[in-house]
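Hydrogens, waters and symmetry mates are skipped; everything else that's a heavy atom, side chains included, is used. We're numbering straight along the sequence, starting at 1.
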Amino acid sequence: MKEQHSPYCAIGLFNPKSPTNVGGIMRAAGCYEANEVFFSGKRYAIAAKHQTDTKNVSEKIPLTQVNDLTQAVSQDIPIVCVELVEGATPLPLFQHPDQALYIFGPEDGSLPQEFVDKACAVVYMPTTGCMNLAATVNVLLYDRAAKQTQQFNKQQILDSRDNNNRLKFKP
């Protein structure tokens, strides 16, 4: 576990099965500067040979298997479950804590009730039907970044774009 600092954002994946989703999640973690990604269960560990982390983010952001996601970080880090749960807050209305462990359910199931019971908040994406796991992580991390006070500038574009991209917009 990395030393916590403010802000801190970790992703917890409950028993994920798809290496494609975990690869997409690692890419999102890199794009939105998450600190760590944890996963539980055995399905991903078996499927990990089909690695899809195309940006090799796992070299910079740890992807760690744990037995209990709710114990993966310091007890003073709030747990936020992301799941279709009665009584959950729609993501557009949610105020993100400065530090958080966001726990997501598996592609083909739900989080255990005991995780929801330990959470300080539960949020959901207000969609018709459920989203893909990697897409859900991307949306949540984007929402967190968009709601934080930060400066946007030209250098961010230059640092982030593909080497072949030399496009310019002249309004």
Taking C-beta and beyond as the side chain, do H96 and V80 meet within less than 4.5 Å on heavy atoms? no

Say you draw a straight line from OG1 of T70 to CZ of F115; how long is it, rounded to the nearest 0.5 Å? 5.5 Å

Listed by chain and number, what are the salt bridge (charged side-chain N to carboxylate O under 4.0 Å, His left out) partners of D108, not counting sequence neighbours? K17, R43

As an exercise, state the distance from OG1 of T20 to CG of L133, rounded to the nearest 0.5 Å. 11.5 Å

Find the distance between NZ (K118) and CD1 (I79) and round it off to the nearest 0.5 Å. 7.0 Å

Would you say that P106 contacts P16 through its side chain, given a criterion of any heavy-atom pair below 4.5 Å between the two side chains? no

Could you go through the side chain to side chain contact (heavy atoms under 4.5 Å, CB included) check for L141 and I11 one step at a time? CA-CA 9 Å; L141 291 175; I11 303 299; 3.9 Å; yes

Given 3.5 Å as the limit, does a donor-acceptor pair link the side chain of K147 with the main chain of F94, or not? yes

In Å and rounded to the nearest 0.5 Å, what is the CZ to CD1 distance from F38 to I103? 10.0 Å

With heavy-atom distances below 4.5 Å as the criterion, would you say the side chains of N35 and I61 are in contact? no

Report yes if the distance between the aromatic ring centroids of F14 and F104 is under 6.0 Å, otherwise no. no

Does any N or O in the side chain of Q65 come within less than 3.5 Å of the main-chain N or O of G41, such that one atom is a donor and the other an acceptor? yes

Would a 4.5 Å heavy-atom cut-off, applied to side chains only, mark Y32 and N138 as touching? yes

Where E83 and L111 come nearest, the two heavy atoms and their spacing: OE1-N, 2.9 Å

Hydrophobic clusters join Ile, Leu, Val, Met, Phe, Trp and Tyr when side-chain heavy atoms are under 4.5 Å apart, directly or via other members; which others share one with Y124? L84

For the SG atom of C9 and the CD atom of Q148, what is their distance to the nearest 0.5 Å? 8.0 Å

With sequence neighbours left out, the residues meeting side-chain contact (heavy atoms from CB on, under 4.5 Å) with Q113 are V116, D117

Side-chain donor or acceptor of Q99 paired with backbone N/O of I77 under 3.5 Å: no

Looking at D98, is its backbone amide N or carbonyl O close enough to the side chain of R144 to form a donor-acceptor pair, meaning the two atoms are under 3.5 Å apart? yes

Side chain of E107, backbone of S18: donor and acceptor closer than 3.5 Å? yes

